[in-house]
Amino acid sequence: MYDTLLSPIQIGEITLKNRLAFAPTTLGYSPTEQIEKYRAVAQAGTALITIGDISVLPSFHQQGHSLTNEAEAGKLKIFTDAIHQAGGKVAAQLFCPDYDAVEVAKWFADVKTGRLSATEMRQKMNDGIGQYVTNMSLEKITAIQNTFVSAALLAQKAGFDLLQLHGDHLLGSFSSSLFNQRTDCYGGSPQNNLRFALEVITKIKDVCPLAIEYKLAIRQENPHYGNAGILLEDVPLLVPLLEEAGIDSFHVTIANHGNLEDTIPTVSHAYFQREGCFLYLADAVKAHTSKPVCGVGKLSSPDFINNQLSNGRIDMAAMSRQLIADDQWLAKVVNRKHSEINRCVCCNKRCVDALRNHRKFGCIHEGRQF
Ligand SMILES: Cc1cc2nc3c(=O)[nH]c(=O)nc-3n(C[C@H](O)[C@H](O)[C@H](O)COP(=O)(O)O)c2cc1C
């Protein structure tokens with residue numbers, strides 16, 4: 001009954017055993033708990049796990065992952081080994097912050113001492129993005145692009161099977177005319193705004209054999225959602241350029257730098273209410289590429305997901321909160337134990353809100369027994 005969901009798919013040279021992915025998710029657990037969670041997700045049969053937000057620059061977050069040296073690659077190798085032993089494949093989501101990390105590290109220290117609230121810090125970070133992107137020197141652009149390349153090579157050493165380039169954060173802010181006011185070849189038109197990302201892709205492809213998935217962050221107008229990323233109307237122009245640069249698959253979602261609840265919508269979101277709420281964005285991408293397209297956003301029902309896959313709307317399905325709520329989702333689907341699935345209700349209380357407010361991370365379902 002779930003033949004399509006359970007069928008293999010090729011991304012670049014990699015074969016995934018089925019169509020289910022754990023969407024990039026920063027888990028607010030300790031490293032040991034994170035590894036246990038990934039192991040459980042992989043043991044349940046999930047084909048691909050993407051480790052979220054691995055910075056290509058040194059991270060000021062104690063719990064954040066980065067890939068800037070061999071020691072960090074060694075730490076992540078423990079994660080990739082655990083996932084491989086459990087039968088899964090693993091992607092590294094590489095991202096670069098779109099703020100001055102030295103400045104933000106000072107604000108972060110102020111948050112810890114209570115001099116600044118987490119909301120105020122986020123506001124200060126958002127306020128500075130436009131200037132940061134617009135005033136970045138050509139030397140710094142090249143230097144950051146080169147850090148993506150060295151991070152990609154370190155990801156390969158750390159045992160990752162593929163890369164996911166995060167098309168939000170710095171790549172997304174360069175891509176967006178709302179932030180990028182440059183007048184050189186890195187700004188002024190949708191193609192120029194995407195140049196930073198396109199060059200990163202070709203530079204990685206020149207030296208690193210790993211397949212690259214692009215997390216394409218799309219913003220839409222009327223109503224307006226997301227500030228970074230590419231405009232929905234520019235998809236026909238820009239998706240072929242990403243493919244030409246060497247992208248092997250797309251992971252499609254709404255862009256960021258608005259309200260976090262727009263990218264991770266709660267049950268009561270005014271616009272993104274239904275299961276598969278971002279799949280209309282995947283539809284637009286699918287019309288302009290032959291590469292696999294992965295959908296994400298409020299996916300949780302086995303029948304709904306299998307239908308979207310079997311009617312060709314998407315080639316892969318990614319879930320974040322549903323797999324936080326129940327890492328055994330796929331095993332329960334395969335074993336026809338649907339009624340035992342802890343269904344994510346998109347409350348965000350113990351995952352997103354806990355992460356934002358530095359509270360204990362988890363899920364409201366934790367401890368539920370059958
Ligand atoms: C706790 C949490 C952490 C997340 N961390 C990341 C991240 O590191 N990188 C990323 O691109 N998206 C991240 N996301 C967004 C998810 O990948 C996904 O796009 C979003 O949650 C919508 O999917 P869902 O409805 O299946 O949760 C995170 C989501 C959650 C709930």
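As the structure lists them, so they are numbered: ligands from 1, and atoms in each ligand from 1. Small disclaimer: the values here were computed from a predicted structure and weren't measured. Computation of the quantities below employed the complete heavy-atom set of this structure, encompassing side-chain atoms and omitting hydrogens, waters and symmetry-equivalent molecules.
Ring planes of His169 and His257: perpendicular class, angle over 60° (limits at 30 and 60°).
Taking every non-hydrogen atom of Thr263 and a distance limit under 4.0 Å, the qualifying atoms of ligand 1 come out as 20 (C), 22 (C). Taking a cut-off of under 4.0 Å to the non-hydrogen atoms of Val352, the atoms of ligand 1 that pass are 31 (C).
For Gln322, no heavy-atom contact with ligand 1 is shorter than 4.0 Å. At a heavy-atom cutoff of 4.0 Å, ligand 1 is contacted by both the backbone and the side chain of Asp53.
Inclusion of Thr26 in the set of residues having an N or O under 3.5 Å from an N or O of ligand 1 is warranted. Checked by distance only, ligand 1 and Arg321 come closer than 3.5 Å through their nitrogen or oxygen atoms. Checking only distances, Gln93 does come within under 3.5 Å of ligand 1, N or O to N or O. For ligand 1, the polar-atom distance check finds an N/O of Ser320 within less than 3.5 Å of one of the ligand's N/O atoms.
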Run the ring pair (Phe, Tyr, Trp, His ring centres under 6.0 Å) check on His338 and Tyr2 step by step: do they pass? CA-CA 13 Å; His338 291 46; Tyr2 297 110; 5.7 Å; yes
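Regarding atom 14 (N) of ligand 1, its nearest protein heavy-atom neighbour is Pro24 O, 3.3 Å.
The ring of Phe79 has its center closer than 6.0 angstrom to the ring center of His65.
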